> 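Structure incoming, see below.
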Amino acid sequence: MGYAQILDCTLRDGGYLIDKYFGNKNIYGIIDGLIKTGIEIIEIGFLQNEGTGEGKTVYQNSIDAEKFIPKTGKNGIFSVFADYSRYDIAKLDKYTGKSFHAVRECFLKKEWKEAINYCREIKDKGYLLFVQPVDILGYSDLELIELLESVNAVEPYCFSIVDTFGSMYEEDLYRICSLVDHNLVPGCKIGFHSHNNLQMSSALAQAFLRFAYGKREVIVDATISGMGRGAGNTPTELIAQYMVDKLKYPYNLDCLLDIIDNYMRNIRSRAEWGYNTQMYLAGAYGAHVNNVSYLLKKNSINSKDIRFILNQIGTEKRKRYDYSLLEDTYIQYMETDIDDTKSMSDLRRLINGRCVVVLAAGRSLSAERENIIKYIESKESLVISVNNMYDNIPADFIYISNVKRYQSWNKKCHEGIPCIFTSNIKKEAEENEFIISFKRLIKCGWENMDNSAILLLRLLNMLGAECIGVAGLDGYGYNNNYADDQMEYNVTLNEAIVINRELREMLQDFMAAKSGDVKVEFITKSRFEDIMQ
């Protein structure tokens, strides 16, 4: 049909976003749609030692996957993906012709010499072998040539250029393609798998096809709607459209659009992917997207801070992800050498022995305003508003520990209100301002460890508050979480579940560690009311 083929890996690469669970109906439907589209190679999921289950695209052998392979009229190739560190090749049975045809063996640079033995075994068992080295840009020219010499001894069906971190520009692609084409055994196809961190995936795939014309048979990896971790992948519909328009391939684009309409809309309701500034940072610094995703959950971080932290942890370590290292580096970056003795002493004189009302940002501040006002008046409370001020509930202090909220805060709107800042805000104290050590309040062990309301509760306990009334600490749903609509941002259902779980754990930790004399109670309705009972 031509010198180029598309390998659709939606059911594999897209699976990372939904714990590999597509559901059998979606799996069958997507496979059927790709066959009708004319896509030449369909990757149906992972080979893994564990994690199989009904409706999941994870298999231990060809028998597990057999049910998804059409019994009649099947054209093209069906493949699976095996990560060297996650799959024991001894579990792979011999090729029978009843299930998948190809196995794509993926491995890290440090694993490649051992992984070549796995590659040889895959081929010996009768499967088409794809060799998928992670992070091709992480190899020097000499290292890549050495790898290719070992690969040539196995004579795979395809050797893939994998832009793991979405860091490639066209110049990088042409350099790697030239090296591979010149040193790879004749007859072996060259594949290309990219990620869209720099918004280059589709353009690079087109450049790859132009480069290969007249030289090699090639395979372009793609996913429907670009589904994949972080910024996602080359969209199948875009590269198919290009090949139809420019190379006269006969793909049925209507069938591809039917897949998007019938299946991807539902999947998008469960997962989020696509280009954004943070994914650009992952691409620019050759970092695993999980590093960026983890750091984004911190309230006290901006894009430039993420850039600094990625630089701090180093080239090799940022290619994988070590949450302990990220957490330590984040805390070190946020720490400032301040002496907060005077601020603590001054605040203690104001707060010790008083009842304090904490105004968190939840929507219940609006819904239950009258109850909050009655509580404040009945206990003659000091009122501290967290990261924002509300015209309908007067406050005695504003407390800010969230860098992003601080940058959008307009001090001129609240002249004369005393301010309490944590030192990660990185500002000099002005008149009527108190700066408290961020390190004094932070406690490790949670992704959302710098939640502003939790940090304030710890501070009030240190300052000797007699009682603390909490309003607006509602917990998170999918949307409509804030009393001030301008503070609103959508979280996914899974993100809300994680945040709520961690808030519960941190509140329980606070209640166990606080002074026995201080009384803490919720004023407004909250998902966490039972903790205070």
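By convention here, the first residue in the shown sequence is residue 1. Note that the coordinates shown come from a computational prediction; the quantities given were computed from them, not determined experimentally. Values reported hereafter were calculated over all heavy atoms of this structure, with side chains retained and with hydrogens, waters and symmetry mates removed.
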> Establish, yes or no, whether the cationic atom of K56 lies under 6.0 Å from the six-membered ring centre of F22 and within 45° of the ring axis.
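No, K56 and F22 do not form such a contact.
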> Assess whether atom OH of Y280 is packed by more than 12 heavy atoms of other residues, nucleotides or ligands within 6.0 Å.
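Not more than 12 within 6.0 Å, no.
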> Taking the six-membered ring of W273, is NZ or CZ of R268 closer than 6.0 Å to its centre and within 45° of its axis?
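Yes - R268 lies over the ring of W273, closer than 6.0 Å to its centre and within 45° of its axis.
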> Output the distance between atom CD (E237) and atom CE (M264), rounded to the nearest 0.5 Å.
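Spacing of CD (E237) from CE (M264) equals 8.5 Å.
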> For the pair E433 (side chain) and E430 (backbone), establish whether a donor and an acceptor sit closer than 3.5 Å, ignoring hydrogens and angles.
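Side chain of E433 to backbone of E430, a donor-acceptor pair under 3.5 Å: yes, one is there.
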> Measure from NZ or CZ of R12 to the centre of the six-membered ring of F81, then state whether that distance is under 6.0 Å and the direction lies within 45° of the axis.
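Yes, cation above the ring, under 6.0 Å and within 45°.
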> At their closest point, which heavy atom of A513 faces which heavy atom of N461, and how far apart are they?
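A513 and N461 have their closest heavy atoms at O-ND2, 4.5 Å.
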> Just checking F421 against F438, ring centres under 6.0 Å apart?
no
> Within this structure, what is the CD1-OG distance for the pair I260 and S225, rounded to the nearest 0.5 Å?
4.0 Å
> Establish, yes or no, whether the cationic atom of R504 lies under 6.0 Å from the six-membered ring centre of F528 and within 45° of the ring axis.
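That pair does not qualify as a cation-pi contact.
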> So, R349 and S345: side-chain donor and acceptor under 3.5 Å apart, yes or no?
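Looking only at side-chain atoms, S345 and R349 do form a donor-acceptor pair, the distance falling under 3.5 Å.
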> Check the pair S437 / S423 against side chain to side chain donor-acceptor pair (under 3.5 Å), numbers first and verdict last.
CA-CA 5 Å; S437 168; S423 57; 4.6 Å; no
> In a check of side chain to side chain contact (heavy atoms under 4.5 Å, CB included) between L503 and each of N451, I531, V498, which one passes?
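Of N451, I531, V498, side chain to side chain contact (heavy atoms under 4.5 Å, CB included) with L503 is met by N451 alone.
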> Is a donor on one side and an acceptor on the other found under 3.5 Å between the side chain of N500 and the backbone of Y476?
yes
> Could you walk me through whether D88 and K91 pass the salt bridge (Lys or Arg N to Asp or Glu O under 4.0 Å) test, one step at a time?
CA-CA 6 Å; D88 179 0; K91 294 179 181 291; 5.6 Å; no
> Would you say CD of E50 has more than 12 non-hydrogen atoms from neighbouring residues, nucleotides or ligands within 6.0 angstrom?
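No.
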> Quick check for you: to the nearest 0.5 Å, what is the distance between Y28 atom OH and I44 atom CD1?
10.0 Å
> Going by an N to O cut-off under 4.0 Å, is there a salt bridge joining K109 and E143?
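Judged by the 4.0 Å cut-off on N to carboxylate O distance, K109 and E143 do form a salt bridge.
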> Distance-only, no hydrogens or angles: does the S167 side chain make a donor-acceptor pair with backbone N or O of G283 under 3.5 Å?
yes
> For atom CZ of R86, is the number of surrounding heavy atoms from other residues, nucleotides or ligands below 6.0 Å larger than 12?
no
> Determine, step by step, whether F68 and I30 satisfy the side-chain contact (heavy atoms from CB on, under 4.5 Å) criterion, reporting the C-alpha distance in whole Å, the side-chain angles of both residues, the deciding distance to 0.1 Å, and the verdict.
CA-CA 11 Å; F68 293 124; I30 290 170; over 6 Å; no
> Look up atom SG in C419 and atom CD in E431, then write down how far apart they are to the nearest 0.5 Å.
11.5 Å
> Could you check Y59 against Y87 for ring-ring contact (aromatic ring centres under 6.0 Å, His included), going step by step and ending with a plain yes or no?
CA-CA 10 Å; Y59 323 102; Y87 185 65; over 10 Å; no
> State, with a plain yes or no, whether a side-chain heavy atom of V383 is found less than 4.5 Å away from one of F397.
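No - every pair of side-chain heavy atoms lies 4.5 Å or more apart.
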> Can you see which heavy atom on C355 is nearest to which on Y375, and at what distance?
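So the two residues come closest at SG-OH, 4.1 Å.
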> Determine whether the side chains of Q60 and N49 contain a donor N or O and an acceptor N or O closer than 3.5 Å.
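Absent: no donor and acceptor within the cut-off.
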> Do we get R527 above F522's six-membered ring, with its NZ or CZ under 6.0 Å from the centre and within 45° of the axis?
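Judged by the rule, R527 and F522 form no cation-pi pair.
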> Might you point out which heavy atoms bring A360 and L473 nearest each other, and give the distance in Å?
CB-N, 3.7 Å
> Within a strict 4.5 Å, meaning less than it, do heavy atoms of the H288 and R318 side chains meet?
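No - every pair of side-chain heavy atoms lies 4.5 Å or more apart.
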> More than 12 heavy atoms of other residues, nucleotides or ligands under 6.0 Å from CD of E272: is that the case?
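Open.
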> D509 vs K443, test: salt bridge (Lys or Arg N to Asp or Glu O under 4.0 Å). Steps then yes/no.
CA-CA 10 Å; D509 177 80; K443 193 170 184 178; 2.9 Å; yes
> Show your working on side-chain contact (heavy atoms from CB on, under 4.5 Å) between I435 and D340 and close with a plain yes or no.
CA-CA 7 Å; I435 299 182; D340 64 359; over 6 Å; no
> Check whether any side-chain heavy atom of L365 sits under 4.5 Å from a side-chain heavy atom of Y482, and report yes or no.
no
> Regarding N402 and S452, is there a side-chain donor-to-acceptor distance under 3.5 Å anywhere?
no
> Does some side-chain heavy atom of Q48 sit less than 4.5 Å from a side-chain heavy atom of K20?
yes
> Hydrogens and angles aside, do Q132 and R104 bring a side-chain donor and acceptor to less than 3.5 Å of each other?
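Yes, a side-chain donor-acceptor pair sits under 3.5 Å.
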> Of all the heavy-atom pairs spanning A222 and P235, show the shortest one and how long it is.
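Nearest pair, atom of A222 first, then P235: CB-C, 4.1 Å.
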> Just wondering, are more than 12 heavy atoms of other shown residues or ligands nearer than 6.0 Å to NZ in K317?
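No, not enclosed.
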> Checking side chain to side chain contact (heavy atoms under 4.5 Å, CB included) between H193 and each of I136, D163, N233, which is the one that passes?
N233
> Given E502 and M449, is the side-chain contact (heavy atoms from CB on, under 4.5 Å) satisfied, shown in steps?
CA-CA 8 Å; E502 291 201 338; M449 62 183 174; over 6 Å; no
> What is the distance from atom CG of N262 to atom NZ of K25, rounded to the nearest 0.5 Å?
9.0 Å
> Over all heavy atoms of both residues, which pair between R270 and Y21 is shortest? Give the atoms and the distance, please.
NH1-O, 3.1 Å
> Do V470 and T524 make a side-chain contact, defined as non-hydrogen atoms from C-beta onward lying under 4.5 Å apart?
no
> What's the shortest heavy-atom distance between E43 and L11, and which atoms?
O-CB, 3.6 Å
> Walk me through whether S201 and S194 qualify under side chain to side chain donor-acceptor pair (under 3.5 Å).
CA-CA 6 Å; S201 272; S194 69; 2.9 Å; yes
